[in-house]
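In what follows, a structure is listed as structure tokens, so that the remarks can point back to it.
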Amino acid sequence: MSTPRLDLREFNQEDAPMILKLLRSSGWIQFIGEKNVHTLEDAREYIQRNLILHGHGLGMYCVVERESGLPIGMVGFNQRTFLDHPDLGYALLPEFTGKGYARESASMMLDHARKKLDFTTIFALTHPENQDSISLLKDLGFHFHGMIDPPGSGDSWLFRSGT
């Protein structure tokens, strides 16, 4: 999948340096949580365990800035055991935030989900203090659905899009 500025592709082991940097960023740790990824080997294992695409449109895609060819983040869907519908997730390296890339990649995923995957309802979780994510979700047509306490994460806000 592509936009004029971004390509989405499957993750591979060569993405480990970007994943290490992303998961060690202050925004990730503050709003998503510590994942105990401290080395390139940890990052490779994290990719294998958590970022490989699964069937039914689930899994995360690597977001690549088309102009530079650099991997800059992730976007995709998770199916969490405590939610009835897929959950949109996204994260970018700090130096690539504020450029509209999160909106662009998330919009592309939502369009794909509705047209190709027949997802009628999509959830999104965010930390209550993550104002950038909250604003983006609202701009994407999500509405606040309630507070939730996901296992091992602490309080989160649950947003919902669709029927």
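This is a predicted model, so every value here is computed, not measured.
- In this structure, NE2 on His85 lies 8.5 Å from CD on Gln79, to the nearest 0.5 angstrom.
- Under the 4.5 Å side-chain heavy-atom criterion for ILVMFWY residues, a single connected hydrophobic cluster contains both Phe96 and Met1.
- The hydrophobic clustering, which links ILVMFWY residues whose side-chain heavy atoms are closer than 4.5 Å, places Leu110 and Ile134 together.
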Problem set entry | side chain to side chain contact (heavy atoms under 4.5 Å, CB included) between Val64 and Leu6, intermediate numbers included | CA-CA 6 Å; Val64 177; Leu6 301 174; over 6 Å; no
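- At distances below 3.5 Å, at least one donor-acceptor pair connects side-chain atoms of Trp28 with backbone N or O atoms of Gly33.
- With hydrogens and angles ignored, the 3.5 Å screen pairs a side-chain donor or acceptor of Asn130 with a backbone N or O of Ser133.
- For Phe123 and His145, the ring centers are positioned less than 6.0 Å apart.
- Phe159 contributes atom CZ, which lies 15.0 Å from atom CD1 of Ile122 (distance to the nearest 0.5 angstrom).
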Problem set entry | From CA spacing to verdict: side chain to side chain contact (heavy atoms under 4.5 Å, CB included), Leu158, Phe144 | CA-CA 6 Å; Leu158 179 64; Phe144 180 74; over 6 Å; no
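- Rounding to the nearest 0.5 angstrom, the gap separating the CG atom in Asn12 from the CD1 atom in Ile52 is 8.0 Å.
- Between Leu8 and Val75, some side-chain heavy-atom pair lies under the 4.5 Å cut-off.
- From Leu23, atom CG reaches atom CG of Asn36 across 10.0 Å, with rounding to the nearest 0.5 Å.
- Put simply, the side chain of Pro71 does not reach to within 4.5 Å of the side chain of Val63, judged on heavy atoms.
- At a threshold of 4.5 Å between non-hydrogen side-chain atoms, the residues Asp42 and Leu20 do not count as touching.
- Salt bridge absent: Glu45 and Lys35 never bring a charged side-chain N and a carboxylate O closer than 4.0 Å.
- For the atom pair Leu92 CG and Tyr101 OH, the distance stands at 9.5 Å (nearest 0.5 Å).
- Taking 4.0 Å as the cut-off between side-chain N and carboxylate O, Asp15 and Arg9 count as a salt-bridged pair.
- With a 4.5 Å cut-off on side-chain heavy atoms, Leu125 and Asp87 count as touching.
- Contact check for Ile19 versus Leu51: side-chain heavy atoms found under the 4.5 Å cut-off.
- There is no path of hydrophobic side-chain contacts, each under 4.5 Å, that joins Ile29 to Leu22.
- Taking both residues in full, the closest heavy atoms of Pro128 and Asp155 are given as CD-O, 3.6 Å, listed atom of the first, atom of the second, then distance.
- The only option from Tyr90, Phe11, Phe77 that meets the side-chain contact (heavy atoms from CB on, under 4.5 Å) definition with Met60 turns out to be Phe11.
- If you chain together hydrophobic residues whose side chains sit under 4.5 Å apart, Leu53 and Tyr46 fall into the same group.
- Annotation: side chain of Asp132 is not in contact with side chain of Thr97 (no heavy-atom distance under 4.5 Å).
- Between Arg5 and Glu67 there is no salt bridge, since none of the side-chain N atoms of the basic residue sits less than 4.0 Å from a carboxylate O of the acidic one.
- The hydrophobic clustering, which links ILVMFWY residues whose side-chain heavy atoms are closer than 4.5 Å, places Phe31 and Trp157 apart.
- Put simply, the side chain of Tyr61 does not reach to within 4.5 Å of the side chain of Met74, judged on heavy atoms.
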For this session: Let me see the working for Glu104 and Lys99 under side chain to side chain contact (heavy atoms under 4.5 Å, CB included), right down to the final yes or no.
Result: CA-CA 9 Å; Glu104 199 170 320; Lys99 299 177 186 224; over 6 Å; no
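- No salt bridge links Arg44 with Glu14; every basic N to acidic carboxylate O contact stays at or beyond 4.0 Å.
- In summary, the side chains of Arg103 and Ser135 do not present any donor paired with an acceptor at a separation below 3.5 Å, with no hydrogens or angles considered.
- Residues Ser25 and Leu93 are not in side-chain contact: their nearest non-hydrogen atoms beyond the backbone lie 4.5 Å or more apart.
- Going from atom CD of Glu95 over to atom CG of Leu70 covers 9.0 Å, rounded to the nearest 0.5 Å.
- Residues Met18 and Cys62 share a closest heavy-atom pair of CE-SG, 4.1 Å.
- The heavy-atom pair separating Ala16 from Ala43 by the smallest distance is O-CB, 3.4 Å.
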Problem set entry | side chain to side chain contact (heavy atoms under 4.5 Å, CB included) assessment of Asn78 paired with Leu58 | CA-CA 6 Å; Asn78 297 298; Leu58 299 173; over 6 Å; no
